[in-house]
Amino acid sequence: MMKGKNHRLLAALWFAAFPALLHADIWTDSGERRFSYTVSAPSKPVEVKPANVPLRIPRPTLDLSNDPFFLLPELPEVPVGALHRVQIPEPEPKPAVPAKPKTRPAPEKPKVTRGGTTPENLALLPAEVQADVKRFNPDWSQGLIYINKKELTLTLYDAQGSQVVSYRCAAARNKGNKKRKGDNRTPEGSFTIQQIQPSETWGHDFGDGKGYIPYAYGNWFIRLRTGFSGIGIHGTHDPGSIGTRATEGCIRLRNENLDSLKTLVRVGMAVIIGQDE
């Protein structure tokens, strides 16, 4: 809004200074609107020129002349179309590893029987004992008790086949292999020691008219696993019966021999009782 006498001049200056003004009203000093101006917006687009400043872009300064990744092998000049062969260097040979010294072969282990002994140890046994050992094939790695009913002897052998002790003994009244309880026979075959029991308080009635006999078994009863109850190696109240057929089926020894044998045997040891005939 403009008022005054020089309104035409002011309007011209106004439109010159602000060309974007589209409409204006002109008023007199008395408050009357004399006329108005309307100018249409220019239709020509405004051109914007870039600033005159040079654009500088730094160039890369990478030096790839010594980078092995970008190095290429030098190729000799060959006719066009010829194949280029690149010589690949051979790898350096590895240093030779010194050969290990040859070890001596382990000595052959001797053949071992079921009893944990060698055939050489078996050969140390008497022929009759060898025959029964081969026949029954017992485990005599702890030693072997052999009872000869023909000669009425009890012999202890160690696991190497050497004789340790040998005693005279007594066997059952009747000859032959035991068939049933009470037949007064000593069982024949391969057995083991089942139990070692103190027997100094034991007694027995042997049915010979003498009645009950205290201390009838000596200090120890070496019970055998034979399949029959009450069969074992024990002492005696009658030392004169040793070397005879006098028992109900057990093997008798003199008490001092039994005490000595008890220190040399153990549960599980093999016992072979040979045949009468």
Side-chain angles (χ1 to χ4, degrees), residues 125-133 135-136 138 140 143-157 163-265 269-277:
L125 299 175
E128 185 176 5
V129 180
Q130 286 188 49
D132 282 343
V133 168
R135 174 187 173 191
F136 298 114
W140 55 296
L144 172 66
I145 295 176
Y146 187 82
I147 298 171
N148 190 328
K149 290 201 296 180
K150 296 178 182 178
E151 299 180 2
L152 295 176
T153 58
L154 182 151
T155 306
L156 172 64
Y157 300 93
Q163 178 178 310
V164 180
V165 292
S166 183
Y167 307 119
R168 291 281 289 172
C169 68
R173 303 184 189 103
N174 299 326
K175 293 184 179 182
N177 191 12
K178 191 173 185 62
K179 305 293 185 182
R180 62 186 181 276
K181 184 176 180 178
D183 61 1
N184 293 328
R185 289 184 174 89
T186 298
E188 301 170 352
S190 177
F191 314 111
T192 58
I193 295 178
Q194 180 180 1
Q195 197 174 12
I196 302 176
Q197 302 169 275
S199 59
E200 65 271 11
T201 60
W202 295 5
H204 185 65
D205 184 353
F206 291 95
D208 54 2
K210 297 180 181 180
Y212 180 83
I213 305 296
Y215 194 63
Y217 299 98
N219 294 325
W220 304 98
F221 190 91
I222 303 174
R223 189 177 301 275
L224 303 182
R225 190 185 300 275
T226 63
F228 298 96
S229 62
I231 302 298
I233 303 170
H234 57 79
T236 181
H237 65 288
D238 183 12
S241 64
I242 302 302
T244 66
R245 312 297 297 250
T247 74
E248 296 176 342
C250 292
I251 300 298
R252 287 185 189 177
L253 294 176
R254 290 185 173 87
N255 292 335
E256 60 272 20
N257 293 340
L258 176 68
D259 294 341
S260 176
L261 180 67
K262 187 263 175 185
T263 63
L264 301 173
V265 300
M269 181 177 286
V271 177
I272 294 180
I273 301 178
Q275 295 177 333
D276 284 311
E277 301 174 354

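This chain uses plain numbering: 1 for the first residue, then up along the sequence.
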Can you see which heavy atom on [X] is nearest to which on [Y], and at what distance?
{"X": "Arg252", "Y": "Phe206", "answer": "NH2-CE2, 3.4 Å"}
{"X": "His237", "Y": "Pro239", "answer": "O-CD, 3.6 Å"}
{"X": "Pro138", "Y": "Ala270", "answer": "CB-CB, 4.2 Å"}
{"X": "Tyr167", "Y": "Ser260", "answer": "OH-OG, 3.2 Å"}
{"X": "Ser241", "Y": "Thr236", "answer": "OG-OG1, 3.9 Å"}

Side chains of [X] and [Y]: closer than 4.5 Å at any heavy-atom pair?
{"X": "Gln197", "Y": "Tyr217", "result": "no"}
{"X": "Arg245", "Y": "Lys175", "result": "yes"}
{"X": "Ser190", "Y": "Trp140", "result": "no"}
{"X": "Ile272", "Y": "Val133", "result": "yes"}
{"X": "Arg185", "Y": "Asp276", "result": "no"}
{"X": "Ile251", "Y": "Thr186", "result": "yes"}
{"X": "Leu261", "Y": "Ile222", "result": "yes"}
{"X": "Asn177", "Y": "Gln275", "result": "no"}

[atom1]/[X] to [atom2]/[Y] distance, rounded to the nearest 0.5 angstrom?
{"X": "Ile147", "Y": "Thr153", "atom1": "CD1", "atom2": "OG1", "result": "9.0 Å"}
{"X": "Ile145", "Y": "Thr155", "atom1": "CD1", "atom2": "OG1", "result": "10.0 Å"}
{"X": "Met269", "Y": "Ile196", "atom1": "CE", "atom2": "CD1", "result": "8.5 Å"}
{"X": "Leu156", "Y": "Leu144", "atom1": "CG", "atom2": "CG", "result": "8.0 Å"}
{"X": "Phe191", "Y": "Arg223", "atom1": "CZ", "atom2": "CZ", "result": "15.0 Å"}
{"X": "Ile242", "Y": "Arg168", "atom1": "CD1", "atom2": "CZ", "result": "9.5 Å"}

Contacts of type salt bridge (Lys or Arg N to Asp or Glu O under 4.0 Å), residue Glu248, not counting sequence neighbours: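 Glu248 satisfies salt bridge (Lys or Arg N to Asp or Glu O under 4.0 Å) with no other residue.
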Could you check whether any side-chain N or O of [X] sits under 3.5 Å from a backbone N or O of [Y], counting only pairs where one atom can act as donor and the other as acceptor?
{"X": "Asn174", "Y": "Asp183", "value": "yes"}
{"X": "Asn148", "Y": "Leu154", "value": "no"}
{"X": "Thr247", "Y": "Ala171", "value": "yes"}
{"X": "Tyr157", "Y": "Tyr146", "value": "no"}

- request: May I ask you to decide whether Lys210 forms a salt bridge with Asp238, counting only side-chain N to carboxylate O separations under 4.0 Å?
  value: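 Judged by the 4.0 Å cut-off on N to carboxylate O distance, Lys210 and Asp238 do not form a salt bridge.
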Using residues 226-235 as the side-chain source, report each donor-acceptor pair under 3.5 Å to any protein atom, sequence neighbours left out, with the distance given to one decimal.
unit_1: Thr226; atom_1: OG1; unit_2: Phe228; atom_2: N; d: 3.2
unit_1: Thr226; atom_1: OG1; unit_2: Phe228; atom_2: O; d: 3.3

Check: Taking it one step at a time, do Asn219 and Glu200 satisfy side-chain contact (heavy atoms from CB on, under 4.5 Å)?
Finding: CA-CA 4 Å; Asn219 294 325; Glu200 65 271 11; 3.9 Å; yes
